Amino acid sequence: MPQYPVIEYALSPPPLEELADVLRPALQSNFAHASASVVTCPDLREPPFHLAAAGLSGDERIADAGGQRNLYPIPNLEARYSLLDIAQHIHMSADRGFLIGAGAGPFHVLGVNAELMPNLSWRDGFENVTNLTRYAKIVNPATTHDDDDDNKTSSSPSSPVLCTKSPSTDFGLMANLYASQGLQGPVLRLTAHTRTGPLNFTDCIRHALREHYRNNPISLGGTFLIRSGTANLHVMPDFPGGPFRDRAHVDAWLKYFDLPAPLVCLSVLHSFDPDPERLGLRLEHTHCFGVGGQHAGSRGGHYHYDVNGPDDEGVVEYEAYFNTAKVLYRVDRPAM
Ligand code: ZN
């Protein structure tokens, strides 16, 4: 196993009941209907979630591995990782564990750059793995040329996105991972319906935590279902031939889509970075995959926001289950 530099940062999160009290009014100020409570985690292996373990409890921690510096300005094709190596770097037990989150696909396995939805558990050893990780890639670049101003393509049977199971436990470039033993315990349950404010779901949560807890960092990981509505997602196409010219070049390179629910999202977020010099955390990273309905395999990518206006076909509806991380790990932070 490769040995990566690891920085560990201990957190002291408040009780989940207190977080529910903080998040409830924040969500209600940004959505027409919202709730926040503490429940026993439902079995996330069941539909609609389709996750690799039942719950989000036990050894709760977050890993930020690699980073965007491995993509920009010059893609670092040496940045190849194993989810199971990262699990061991963050001292997860071989007895049992569960990783979910958002990262970049194992380009060295898939033969193309892609979005990754890590979703993997193990029991009685790291070789005994249930790997439900998916990836999303561009399959028909000809349909996504930037011919129009907004660089968007709507979902259709000829969708240029393929979202399917990964054949590998590897990833590339970066990943933001919520790790636990996968046990069913108390979790935050958040619901939100019909967005009325300017913030997307995850930013609404992050901003509320930052405002209330100030310099006590709060980090959450978990999953949310976008039950109805439409989400704006991006999917990374294959690497450009050379370095990116600037940030605008990256934004023009990414392919954006408005894709319909239902979508299962895997999410890691922090209220802020308590030590940017050492940690350099990505503050939010959420990836989604389509479930149910038609063309689930043509829906997936990196979550930006919900598309929820009076003229849209359906208003957005979220149902989320989150737990707090008790410790952060920064693994193999790229050189600045
Ligand atoms: Zn992403």
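Quantities reported herein were computed from a predicted structural model and do not represent experimental measurements. Order of listing sets the numbers, starting from 1, for every ligand and every atom in it.
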K.L.:
Report, rounded to 10°, the angle at the Zn ion (ligand 1) between the two atoms NE2 (His287) and NE2 (His285).
P.N.:
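That angle works out to 100° after rounding to 10°.
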K.L.:
Strictly under 6.0 Å, is that where the ring centroids of Tyr321 and Phe224 end up?
P.N.:
no
K.L.:
Measure the acute angle between the ring planes of Phe201 and Tyr318, then classify it against the limits of 30° and 60° as parallel, tilted or perpendicular.
P.N.:
parallel
K.L.:
I'd like to know if Asp64 and Arg330 make a salt bridge, using a cut-off of under 4.0 Å between side-chain N and carboxylate O.
P.N.:
yes
K.L.:
May I ask you to check whether Thr191 and Ser35 show a side-chain donor-acceptor distance below 3.5 Å?
P.N.:
yes
K.L.:
Is the Zn ion (ligand 1) less than 2.8 Å from at least one N/O/S atom of His234?
P.N.:
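Of the N, O and S atoms in His234, none lies under 2.8 Å from the Zn ion (ligand 1), which means no.
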K.L.:
Nearest to the Zn ion (ligand 1), which N, O or S atom of His302 do we find?
P.N.:
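For His302, the N/O/S atom sitting closest to the Zn ion (ligand 1) is ND1.
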